[in-house]
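Before any comments, here is the structure.
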Amino acid sequence: MKKIIQDLSYAEIEALVTQLGEKKFRAKQLFEGLHQGKNISDITSLSKAFKERLLEEYEDAAIRVKEVFHSADGTEKYLFEFADGNLVEGVLMKYKYGYTQCVSTQVGCRMGCKFCASTLNGLIRNLTAGEILSQILVVNALHKEDIKAGQGAQARAVCNVVLMGSGEPLDNYDEVVRFLKNATAEGGVQISARNISLSTCGIVPKMYALADEGIPLNLTVSLHATDDETRARVMPIAKAYKIADILKACKYYFNKTGRRYYFEYTLIDGENCDEQHAKALVRLLKGLPCHVNLIRLNEVKERSLKSTSDKAAYRFLGTLEKGGLSATLRRQIGVDIGGACGQLRAQYLEKGK
Ligand code: SAH
């Protein structure tokens with residue numbers, strides 16, 4: 001596999017351009033072209049000879065859209081293929097205020113959460129920063145007609161990004177941070193860090209490191225339980241990091257960035273969503289500068305865990321609100337196209353295509 005040019009920052013593109021004997025202003029043309037979702041060979045402002053020289057070392061396209069599935073509610077699910085043939089998926093959710101794209105950070109995952117399809121075959125490999133970024137660049141380019149923000153090279157249909165596809169972002173820390181810097185850099189696709197949410201299963205030391213990067217993104221922690229024992233039953237990582245330590249890291253994040261943080265709480269029948277759990281969640285989080293997103297479990301056929309009823313989900317939400325927590329129950333969209341993490345890739349691999 002050749003190198004991925006979308007891994008490079010603007011300064012690195014500048015160095016590359018000069019090193020190859022081109023004028024410095026070519027860096028702007030190259031960086032902008034790439035951030036508009038173009039392949040190297042499609043950037044018309046660059047000479048054929050220069051592009052051929054680049055193509056000796058770099059992949060022309062970091063990523064290819066292998067398939068797109070359209071849900072009746074407008075949601076689009078993507079199956080992406082990388083140069084080495086690996087597959088990941090992504091989701092585009094169309095909200096009135098702009099599009100939100102869910103991107104993957106790893107091929108597979110090694111965290112082993114019991115409800116999640118991404119982890120079924122373990123971790124295959126980390127994605128590079130440019131492979132993460134390119135998921136956004138290609139989808140953005142496919143939706144030119146729906147531009148909601150920015151102008152020129154920064155014109156964007158995709159306004160919000162959530163790192164909630166396959167993979168654990170903080171298990172691929174360096175590439176994810178590089179991605180965050182490149183995606184928010186001036187002159188590129190320039191997504192606002194405030195519109196990026198990074199979701200983690202709670203790798204505590206990396207949460208501290210992320211806070212120290214000073215990127216004002218939305219930090220989201222997958223909690224899914226109110227005590228360590230229950231949490232460890234569904235999330236093996238809970239054996240390494242305790243809820244109390246996660247809360248301390250969140251506090252540090254808030255003190256460093258001034259940003260409130262988020263918790264994801266997936267409602268799993270018979271496991272974590274009775275009245276007693278809702279009350280325990282209130283006791284755990286009351287008074288903290290946080291917001292809770294409740295998710296109804298998207299049942300994965302390889303797993304036995306069951307989703308809860310709508311009635312129980314609203315009752316749970318009601319208890320949180322009465323207890324003074326800021327909380328929402330996520331609307332379920334895209335379920336008809338395998339919207340949950342890793343479901344589509346798992347189906348695809350199973351078909352043996
Ligand atoms: N590794 C990161 C990102 C994963 S996906 C993390 O753990 O946060 C984003 C969210 O979807 C997480 O909260 C994850 O726990 C949740 N999730 C995964 N599979 C799910 C499923 N089948 N149904 C509902 N939520 C799921």
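Quick caveat, the model's predicted, so the values are computed rather than measured. Order of appearance sets the numbers: ligands from 1, and atoms from 1 within every ligand.
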| said: For His224, state whether at least one heavy atom is located under 4.0 Å from any atom of ligand 1. | reply: yes
Quiz item: Centres of the Tyr261 and Tyr253 rings: under 6.0 Å?
Solution: no
Quick one: does Arg259's side chain have a donor or acceptor within less than 3.5 Å of a partner on Pro216's backbone? yes
Under 4.0 Å between heavy atoms, the region of Thr220 that gets near ligand 1 turns out to be neither
Ligand 1 to Val300, heavy atom cutoff 4.0 Å, flagged ligand atoms 22 (N)
With sequence neighbours left out, the residues meeting side-chain hydrogen bond (donor to acceptor under 3.5 Å, both in side chains) with Ser9 are Glu12
A student checking ligand 1 against Glu168 at a 4.0 Å heavy-atom cut-off should list atoms 1 (N), 2 (C), 6 (C), 7 (O)
Nearest non-hydrogen contact to atom 26 (C) of ligand 1 from the set Tyr265, Tyr262, Phe263, Phe115 belongs to Phe115
| query | Between the main-chain N or O of His277 and the side-chain N or O of Asp274, is there a donor-acceptor pair closer than 3.5 Å? | reply | no
If you compare Val162, Thr266, Asn298 by their heavy atoms, the one closest to atom 21 (C) of ligand 1 turns out to be Asn298
Per-atom filter on ligand 1: closer than 4.0 angstrom to a heavy atom of Gly167 are 1 (N), 2 (C), 3 (C)
Compute the ring centroids of Tyr265 and Phe263, then answer whether they are less than 6.0 Å apart.
no
Grouping ILVMFWY residues whenever side-chain heavy atoms fall under 4.5 Å, the cluster of Ile295 otherwise contains none
Restricting to heavy atoms, the pick from Glu264, Met111, Arg296 nearest atom 10 (C) of ligand 1 would be Glu264
Exercise for review: Could you tell me whether ligand 1 has any atom less than 4.0 Å away from a heavy atom of Ser307?
Suggested key: no
- Query: Judged by atom type as modelled, is there a donor-acceptor pair below 3.5 Å linking the side chain of Thr226 to the main-chain atoms of Ala280?
  - Reply: no
In terms of its nearest heavy atom to atom 4 (C) of ligand 1, the top option of Ser166, Gly165, Cys201, Cys102 is Gly165
